[in-house]
Protein chains: 2
Amino acid sequence: MALSDYFIRFLERRDKLSDEERARLADITTERKSFASGDVIVAREVVAERSCLMLSGMSARIHVLPRSKDRVITALHVPGDFVDLHGFVLAGLAHTVIAMGPAEVEFVSHDQLRELTNEWPHLTRLLWMSTTIDAAVHRQWLVAAASLRSSAHLAHLLCELYTRLNSVGAAQDHRYILPLLQRDLANILGYSPIHINRAVRDLRERGLIRWSGTEVQILDWPGITALAQFRPDYLDLEQLNR
Amino acid sequence: MALSDYFIRFLERRDKLSDEERARLADITTERKSFASGDVIVAREVVAERSCLMLSGMSARIHVLPRSKDRVITALHVPGDFVDLHGFVLAGLAHTVIAMGPAEVEFVSHDQLRELTNEWPHLTRLLWMSTTIDAAVHRQWLVAAASLRSSAHLAHLLCELYTRLNSVGAAQDHRYILPLLQRDLANILGYSPIHINRAVRDLRERGLIRWSGTEVQILDWPGITALAQFRPDYLDLEQLNR
DNA sequence: GGTTCGGCTTAACCATTGTTATCCTGCATC
DNA sequence: GATGCAGGATAACAATGGTTAAGCCGAACC
C-alpha cells in the first residue's frame, strides 16, 4: 500500500513540503498490519530491516530488565509517529515495541528509506527531525522524573498524551482513550502500581480528572497543567523551514 | 579552523568513511572557543544558527524549572560529542548547554551543515546517527531512573561516563576526572544533594570506588557494573554500514 | 597564619514511596 | 446465576529519600 497521510501531516505541521516531495513520499510502499493488545510489533534485534508508523491505537517501547523480569517503558506512540525510525541509522535497538490496546501500523523497508535519503536531502532532514522530537520527549520525561512527585508526574504524562493526540486529531474536548493499565503507568513513571493508584485517586480528589476504564477526561486543564508544570514547547509544534 | 579529528573518529568507530567523505568533513570550518566552569556554551534560543562539538572537558544540557529556580541536567557530553546537533533540525532547544569544569568546544554553522547534507547522504545519515545515540542514552537514563535505587543509579552513571570517556581515549585504568559537584549529580539523578552524598558513601563502603575531589577511580569494575546492571550495548559501539 | 567560603559529611527527623495483604468490582465463562 | 479471574481500591507497615541543621575540611585571600 501507499504511505498513509498521517505522517505527511505530521511533517506538514512543522515545515512546508513541495509538490514533488509530497509525491515522492506518496511513492513509498508500505505493509499494513493490525495487532492485538500486548502483541510484539517490533522485536529487539541486531539490525532492523524496516521501521513502523502508527496508524491507530498506541504502542510502547519496552526495555526488559535483566534481573527483575519487570520492564520499563521509555516511549509511548500515537498515530502519525514514526515509532522506530531511529532503527534506520542505529546498529541495534535495545528495546521491543508492543501494542498497547488494539493497534494498526504500517511498515516501511529501510531499503526504501535509503533510496529516499540518497536523493532528497530536505525530506531526510525532516525524517531526522522526527527522531529528534522523540528525543526531546525523552528529555522532558527525564525532567519530569527528576522534578515532579507522583501526582504531578502522572499529570504531566496525561497532559502530554492529550496534547499529542489532539495535535494529530485523535482527541478532542480534553478526553481520550488511554489503553494502559495502572501497571503500565507504573512501568513508565517508575513507581509501584499501588502508588500509581494513590496518584490517580489524588488527581480525582483534586477534581482535575475523571477516569474510568480506558477513558480519561481532563476536567480542569489550567489546573492540571499548573500542577504538572506542563509547557508543550518541547513537542516542537511550530512551522519552520528546516 | 578545520573540524577536529575527534568527531571523525567517533564516526569511524561506527561505520566506514570513504576518502572523499573524510576530505569533505575536513573541509568544514569551525570556530574554537574555551569556556570556564559554569559558562553558558549554548543559550536557549528560538532558532540556533550553529551547533557545537566537545574538544575537551565536559558540558551539560540543563533545563531550568519554571518555579523552583532549580535545574535538571538531561545530558552530559564528553570529547567527540556533537552536543547540540539536534538543534540543526529542531525548531527550538528547550535547554541551555553549560561547561562543567573548563571546556573547549568548536562551533559549526548550520549553513555548512545544510550544504553538506544537501550533497552527502551517507554523511547525513551518520550525523543523524550521532543524534540517535544521544537519544539512546536518554532512554537508558529513563530505564535507570525507573528501575534503580540511589546507589545503583549513581553507579550506573559512573559506569556510563567511564565507558564513554574510555571509548574516545579520554580515560584509562578505570580512572577519570569528573568535574561535577554533588549538587550537579543531584540535578542529573533527581535526588537531593544530601542523598547523593549517602549514595557516594555507600559505594565507598562497598569498596567499589575511590573518589576525592574531581578524580573518580573504580576499584571493582565487575562489582559496580553488576550493582548498576550496566550493559554498554546502548552506546552503539559497533561498526556497521549505515 | 588567621579568616572566609563553598562544598563535603553526618545526624535526626519527616515525607514520600514500596510491599504485602485483603477486598471489591466487572466481565467472561459455563 | 455461580465461578473464576484480572484489575482497581484501600490499609498497615517498612524502606527509601527529603529537609533542616550543624560540623568539617581545604583552597583562596588577606
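So that the names make sense, note that chain A is the first sequence line, chain B the second, and so on, each numbered from 1. All of these numbers come straight from a predicted model, not from anything done at the bench.
- If you measure from atom CG of B/Leu178 to atom P of C/dC8, you get 11 Å, rounded to the nearest angstrom.
- Comparing A/Trp211 and A/Arg149, the nucleotide of DNA chain D nearest to each residue sits closer to the 5' end for A/Trp211.
- Rounded to whole Å, atom C1' of D/dT16 lies 9 Å from atom OH of B/Tyr191.
- Between A/Trp221 and A/His174, the ring-plane angle classifies as parallel under the 30° and 60° cut-offs.
- Note on B/Glu104 versus B/Arg32: no salt bridge recorded, every NZ/NE/NH1/NH2 to OD/OE distance being 4.0 Å or above.
- Summarising the geometry, the separation between NE2 on B/His153 and P on D/dT16 is reported as 16 Å, rounded to the nearest angstrom.
- Salt bridge annotation for A/Asp202-A/Arg206: present, with a cationic side-chain nitrogen under 4.0 angstrom from a carboxylate oxygen.
- Regarding A/Asp202, its CG atom lies at a distance of 14 Å from the C1' atom of C/dA15, rounded to whole Å.
- Comparing D/dG17, C/dG18, D/dG7 by their closest approach to the side chain of A/His195 singles out C/dG18.
- With distances taken from any side-chain atom of A/Arg201 to the nucleotides C/dG18, D/dT10, D/dG17, the minimum falls on D/dT10.
- Distance A/Leu185 CG to D/dG7 P: 13 Å, rounded to the nearest Å.
- Within the 4.0 angstrom heavy-atom criterion, no nucleotide atom of any strand lies near A/Gly213.
- Put simply, CD1 on B/Ile196 is 12 Å from P on C/dT9, counting in whole angstrom units.
- For B/Asp134 and B/Arg61, the salt-bridge test passes: some basic side-chain N is under 4.0 Å from an acidic carboxylate O.
- Nearer the 5' end of DNA chain D, as judged by each residue's closest nucleotide, is the contact made by A/Leu180, out of A/Leu180 and B/Leu148.
- Here the nucleotide nearest the side chain of B/Arg204, chosen from D/dG18, D/dT10, C/dT9, is C/dT9.
- Distance CG (B/Leu203) to P (C/dT9): 12 Å, rounded to an integer number of Å.
- Atom CG of A/Leu154 is separated from atom P of D/dG8 by 13 Å (rounded to the nearest Å).
- Using a 4.0 Å cut-off between charged side-chain N and carboxylate O, A/Arg71 and A/Asp184 make a salt bridge.
- Checking C/dG18, D/dG8, C/dT10 against the side-chain heavy atoms of A/Gln182 singles out D/dG8 as nearest.
- Taking the nucleotide of DNA chain C with the nearest heavy atom to each of B/Leu181 and B/Arg198, the more 5' of the two is matched to B/Leu181.
- Distance from the side chain of B/Asn197 is smallest for C/dT10 among the nucleotides C/dA12, C/dT10, C/dT17.
- Distances from the side chain of B/Ile194 to the nucleotides C/dT20, C/dT17, C/dA11 place C/dA11 closest.
- Residue B/Ser192 places no side-chain N or O under 4.0 Å from the OP1 or OP2 atom of D/dG17.
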